[in-house]
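These notes are about the structure you will find just below.
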Amino acid sequence: MHRFYAPPENFSNANIILDEGETRHLRDVLRLKEGAVVNVFDGKGREFECTVAAIAKRESKLSITGEVAPSAPESSLNLTVGASITPTEKFDLAIQKSVELGVNRFVPIVTARTEVKLKDAERRLERWQRIAFEAAKQCGRARLMEVEKVADFSSVFDNRATKTIMFSERDGGSFDSIDAFDELTVLYGPKGGWSDEELGLARNNGAKVITFGGRILRAETAAIAITAILQHRFGDMN
């Protein structure tokens, strides 16, 4: 079944309007015609079976035939990942896999040892959001993972009330020390690891520092491994 995305404001009564980008994909790439049956998700967790009613140059009109269950269910764990920015391909992979593993929010962060300049990182935000969008369509999620604006590490804890776990290659405890929560923020650092100041700041803000028993992982490996373990421990991958 072909899947398309339309924001909630494009839903009206029993109809859905696809924007120009999704219309181009429907018409020019997939070459679908009026009468074709497709699925449309709203990015908030709901998905609908629809029939293509009309195809124009800049938009398409679809008629809703019924609500369906997304092929990829949402986890009961509301998970936010704060990721130190790494070179392009590696960070792209971390974003894509975070979507597949059920992360709800992804925060690119600049740390003391981040190798990418802040201005360069900010220019990549739209690209990261597009990767998250395409990953959601591909993996069957009906909720879009939010990729937030690039944040400085010192601001990560501002207005964030969730329990925070900080993965570190040193000076941390084990996963067994983590209590069960239904809402978590997990942070992982750059190639050179966290600075002493960052570890201290995290602890002062109530974060729990953990390690993989001394095992040292590349940043993109850590992002995937930590997320999978947390979803297994507290989410729906069990």
Side-chain angles (χ1 to χ4, degrees), residues 45 74-86 90-91 94-95 97-116 118 121-122 125 128 132 143-238:
E74 292 298 318
S75 174
S76 57
L77 175 63
N78 185 358
L79 184 60
T80 296
V81 167
S84 176
I85 301 167
T86 56
K90 298 175 182 178
F91 205 68
I95 291 174
K97 300 310 175 185
S98 292
V99 173
E100 294 175 12
L101 289 167
V103 173
N104 287 336
R105 282 173 297 280
F106 192 99
V107 187
I109 57 177
V110 175
T111 68
R113 295 169 180 161
T114 297
E115 298 176 321
V116 179
L118 177 59
E122 290 174 336
L125 179 60
W128 295 332
R143 181 181 296 277
L144 293 177
M145 183 182 78
E146 179 182 354
V147 181
E148 298 184 3
K149 293 182 179 179
V150 178
D152 184 85
F153 180 76
S154 61
S155 67
V156 167
F157 302 97
D158 295 347
N159 303 317
R160 195 174 295 280
T162 62
K163 179 67 177 178
T164 300
I165 297 169
M166 186 177 189
F167 171 74
S168 176
E169 79 285 356
R170 61 185 176 92
D171 301 334
S174 68
F175 268 101
D176 292 337
S177 65
I178 304 173
D179 297 325
F181 290 91
D182 57 9
E183 189 170 4
L184 288 172
T185 295
V186 60
L187 307 175
Y188 70 89
K191 179 180 179 180
W194 303 106
S195 68
D196 291 339
E197 292 75 15
E198 288 166 339
L199 287 168
L201 178 62
R203 287 193 171 98
N204 290 338
N205 280 275
K208 182 178 287 292
V209 180
I210 62 164
T211 70
F212 278 139
R215 193 180 301 277
I216 298 176
L217 304 178
R218 296 176 68 94
E220 63 274 16
T221 306
I224 298 169
I226 293 170
T227 302
I229 291 172
L230 291 175
Q231 290 287 26
H232 172 69
R233 288 284 301 276
F234 309 123
D236 62 345
M237 293 178 65
N238 47 33

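Keep in mind it's a predicted model, so treat the numbers as computed, not measured.
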*Mind checking the OG1-OH spacing from T221 to Y188? Nearest 0.5 Å is all I need.*
9.5 Å
*Beyond-backbone contact of V209 with W194, side-chain heavy atoms, under 4.5 angstrom*: no
*Which residues satisfy the side chain to side chain donor-acceptor pair (under 3.5 Å) test with T86, sequence neighbours excluded?*
none
*With sequence neighbours excluded, tell me which residues meet side chain to side chain contact (heavy atoms under 4.5 Å, CB included) with E122.*
L118, V150
*With L144, which residues qualify under side chain to side chain contact (heavy atoms under 4.5 Å, CB included), at least two apart?*
Y5, F41, F133, A136
*Identify the heavy atoms of V103 and L79 that sit nearest to each other, and give their distance.*
CG1-O, 3.4 Å
*Rounded to the nearest 0.5 Å, what separation is found between the OG1 atom of T111 and the CZ atom of F153?*
8.0 Å
_Non-neighbouring partners of A207 that pass side chain to side chain contact (heavy atoms under 4.5 Å, CB included), sequence neighbours left out_ = F157, T164, A202
_Suppose we screen for side chain to side chain donor-acceptor pair (under 3.5 Å). Which residues come up paired with N204, at least two apart in sequence or across chains?_
none
*Using the test salt bridge (Lys or Arg N to Asp or Glu O under 4.0 Å), find all partners of E198 that sit at least two apart in sequence or belong to another chain.*
none
*Closest approach of I109 and T114, non-hydrogen atoms and distance?*
O-OG1, 4.0 Å
_Can you tell me how far apart CD (Q231) and CG (L77) are? Round to the nearest 0.5 Å._
5.0 Å
*Nearest 0.5 Å please: distance from the CG atom of L101 over to the CE atom of M145.*
10.5 Å
*With sequence neighbours left out, what residues match D182 under side chain to side chain donor-acceptor pair (under 3.5 Å)?*
none
_Reported CD1-to-CD1 distance for the pair I165 and I229, which is rounded to 0.5 angstrom_ = 10.5 Å
*Under the side chain to side chain donor-acceptor pair (under 3.5 Å) rule, collect the residues that match up with S76, sequence neighbours excluded.*
none
*Of all heavy-atom pairs between P108 and V147, which one has the smallest distance, and what is that distance?*
CG-CG1, 4.3 Å
*With sequence neighbours left out, write down each residue that passes side chain to side chain contact (heavy atoms under 4.5 Å, CB included) with N104, or none if nothing qualifies.*
E74, N78, R141, R143
*asked:* Run the ring pair (Phe, Tyr, Trp, His ring centres under 6.0 Å) test against F91 and tell me which residues pass, sequence neighbours left out.
replied: F106, W128
_S168 versus L199, closest heavy-atom pair with distance_ = OG-CD2, 4.0 Å
*Distance-minimising heavy-atom pair for T185 and L187*: CG2-CD2, 4.0 Å
_Closest non-hydrogen atom pair, A151 against S155_ = CB-OG, 3.8 Å
